[in-house]
Amino acid sequence: MSSGQLTSLVDELEEQIDGKSLQLQDVLDAWGSRSYGPLLLFVGLLAASPIGAIPGMSIVFGTIVFLIAAQ
């Protein structure tokens, strides 16, 4: 997925929420089957951040990636 496509997905989501609070289900509904890539990217970025250095977080992030990828 190129950054242009990701940007268009985020812009699409921004138009749909229209100032309301955002929930994960809103993201999944708005992006449909295209939502798995950005979710994996987000979790990967969190794992690569300093948060990933906390003991036990690699297991948490790995489990989340596994569950998303299994979908």
Which heavy atom in V43 sits nearest to a heavy atom in I68, and how many Å separate them?
CG2-CD1, 4.1 Å

Could you state the interatomic distance from CD1 (I51) to CG (L45), rounded to the nearest 0.5 Å?
11.0 Å

Please say whether more than 12 non-hydrogen atoms of neighbouring residues, nucleotides or ligands are located less than 6.0 Å from CD1 in I54.
yes

I need the M57 CE to T63 OG1 distance, nearest 0.5 Å.
10.5 Å

